[in-house]
K.L.:
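Let me give you the structure first, and then I'll get to my questions.
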Amino acid sequence: MDKFPYLRLRRKRLKENLRKIFKETKISKDDLVYPLFVIPGKNKKEEINSMPGQYRYSIDLLCEEVQKIKEEGIKAIILFGIPEKKDEYGSESFDEEGIIQRAVREIRKYEKDIIIITDLCMCEYTSHGHCGIIKNGDVDNDLTLEYLGKIAVSQAKAGADVVAPSGMMDGQVKAIRKALDENGFKNTLILSYSVKYASSFYGPFREAAESAPKFGNRKTYQMDYSNAREAILEAELDFEEGADILMVKPALSYLDIIYRIKERFNLPVAAYNVSGEYSMVKAASLKGWIDEKEIVLEILTSIKRAGADLIITYHARDAVKWIE
Ligand code: PBG
């Protein structure tokens, strides 16, 4: 039998409260993670040119900012450090007195509850800007794993709740889990950037974090954006190696990937709404071409609808004001 005219889908859309009742996906403040950039020095707050409305903070001001962020209702932050000095081995990334280690310790003095996630990568710390140790002109996978273990332990020791390896080295979750467990950090979570594509959407971030590669690109370790089945393999490896959360990055051009990973694995899924995605929205809204609030809510809802349990986004502080 024909469903029409008995079934009328518009019936449920005719009043605002009806539309609210039938909403299938709602984003909540609890879903959002806010990224922060830390720089050396004192009393510094620099606006990031390529990311209007985002700043790099020295540790003292960062601590004040984290307090405000918490009051705004955000439960988790992810930290990126810009070190004093860079070298071939990214030494400051695992130094107990490194920028991130000091920042985490300092935040922890004032703030016990907020979830601190630390980006676990070497590209901000290496003089060549790659995400590992270079041998014969490319990143050496297995040698890099030893360093990643050291970085993880130093971050956990400083007080990070979650470490987030973003270098796309094979075996990184296993190496990090082993290093953490052997050093007494069995309860530190691993949020793995399991499926990270080599993407031009990272452009503004690389300016913010001074982490652009000085030669070549990241295509020998980050994934080709043409591939979806390979994404399942990447996630499967991380699942087996003991990741606690699987992440897809970037988010918007990869909603199909988020969906597939969510269908396939019974772990929480995170999505990183990256710098380029943010800056495009900001630029258009500064020009008056789009309604920023409506666009941001639509974007975040779509990422959640695709399957993300957690969304890392530079829009987080605005979004918590806009979410009902
Ligand atoms: C470090 C890292 C990058 C981002 C997060 N961690 C940059 C890259 O891989 O080049 C990008 C985040 C963003 O664009 O917002 N490996």
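The chain is numbered in sequence order, starting from 1. Order of listing sets the numbers, starting from 1, for every ligand and every atom in it.
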K.L.:
In ligand 1, which numbered atoms sit nearer than 4.0 Å to a non-hydrogen atom of Y314?
P.N.:
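Every atom of ligand 1 under 4.0 Å from some heavy atom of Y314: 12 (C), 13 (C), 15 (O).
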K.L.:
Return the orientation label for the H315 and Y278 ring planes: parallel under 30°, perpendicular over 60°, tilted otherwise.
P.N.:
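Rings of H315 and Y278: tilted, 30 to 60°.
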K.L.:
Under 4.0 Å from a heavy atom of K196: give me the atoms of ligand 1 that qualify, with their elements.
P.N.:
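Contacts of ligand 1 toward K196, numbered from 1: 1 (C), 2 (C), 3 (C), 6 (N), 8 (C), 9 (O), 16 (N).
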K.L.:
Would you say E277 touches ligand 1, if touching means a heavy atom closer than 4.0 Å?
P.N.:
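In this structure, E277 fails to qualify as a contact of ligand 1 - no heavy atom is under 4.0 Å.
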K.L.:
Students should be able to answer this: which protein heavy-atom is nearest to atom 6 (N) of ligand 1, and at what distance?
P.N.:
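Nearest protein contact, heavy atoms only, for atom 6 (N) of ligand 1 is K249 NZ, 3.3 Å.
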K.L.:
Once you restrict to heavy atoms under 4.0 Å, what part of Y278 touches ligand 1? Side chain, backbone, both or neither.
P.N.:
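Answer for Y278: neither.
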K.L.:
When the aromatic ring centroids of Y147 and F94 are compared, is their separation below 6.0 Å?
P.N.:
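Yes - the distance between ring centres of Y147 and F94 falls below the 6.0 Å cut-off.
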K.L.:
So is E124 polar-close to ligand 1, meaning N/O to N/O under 3.5 Å?
P.N.:
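No.
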K.L.:
Considering non-hydrogen atoms of the protein only, which is the closest contact for atom 12 (C) of ligand 1, and what is the distance?
P.N.:
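Minimum-distance protein heavy atom for atom 12 (C) of ligand 1 reads F205 CD1, 3.3 Å.
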K.L.:
Under a 4.0 Å N-O cut-off, is there an ion pair linking R56 with E210?
P.N.:
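Between E210 and R56 there is a salt bridge, with a charged N closer than 4.0 Å to a carboxylate O.
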K.L.:
Check for a donor-acceptor pair, side chain of Q101 on one end and backbone N or O of A158 on the other, with a separation under 3.5 Å.
P.N.:
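Here the side-chain-to-backbone pair does not exist.
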K.L.:
Among all the protein's non-hydrogen atoms, which is closest to atom 14 (O) of ligand 1, and how far away is it?
P.N.:
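Looking only at protein heavy atoms, the one closest to atom 14 (O) of ligand 1 is S275 OG, 2.7 Å.
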K.L.:
Is a salt bridge present between D31 and K26, judged by a nitrogen-to-oxygen distance below 4.0 Å?
P.N.:
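Result for this pair is no, no salt bridge flagged.
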K.L.:
At a non-hydrogen distance cut-off of under 4.0 Å, which region of C121 contacts ligand 1 (side chain, backbone, both, or neither)?
P.N.:
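It is the side chain that touches ligand 1; the backbone stays farther off.
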K.L.:
Under 3.5 Å between any N/O of Q222 and any N/O of ligand 1: does that happen in this structure?
P.N.:
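Yes, since at least one N or O of Q222 sits under 3.5 Å from an N or O of ligand 1.
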K.L.:
Keeping K112 on the side-chain end and R108 on the backbone end, is there a donor-acceptor pair under 3.5 Å?
P.N.:
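Yes; at least one donor-acceptor contact below 3.5 Å.
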K.L.:
So L191 and D244, do their side chains get closer than 4.5 Å, heavy atoms only?
P.N.:
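They are not in contact (no side-chain heavy atoms under 4.5 Å apart), so the answer is no.
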K.L.:
Could a heavy atom of C123 be found less than 4.0 Å from some atom of ligand 1?
P.N.:
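C123: in contact with ligand 1 (<4.0 Å).
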K.L.:
Is D224 salt-bridged to K219, cutoff N-O under 4.0 Å?
P.N.:
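Salt bridge absent between D224 and K219.
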K.L.:
Verify the ring-centre separation between Y225 and Y197: is it less than 6.0 angstrom?
P.N.:
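Ring centres of Y225 and Y197 not closer than 6.0 Å.
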K.L.:
Would you mind running through ligand 1 and noting each atom that sits below 4.0 Å from a heavy atom of F80?
P.N.:
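Atoms satisfying the 4.0 Å criterion: 5 (C), 6 (N).
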K.L.:
Using a 4.0 Å cut-off to any heavy atom of Y272, which atoms of ligand 1 qualify?
P.N.:
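That gives atoms 12 (C), 15 (O) of ligand 1.
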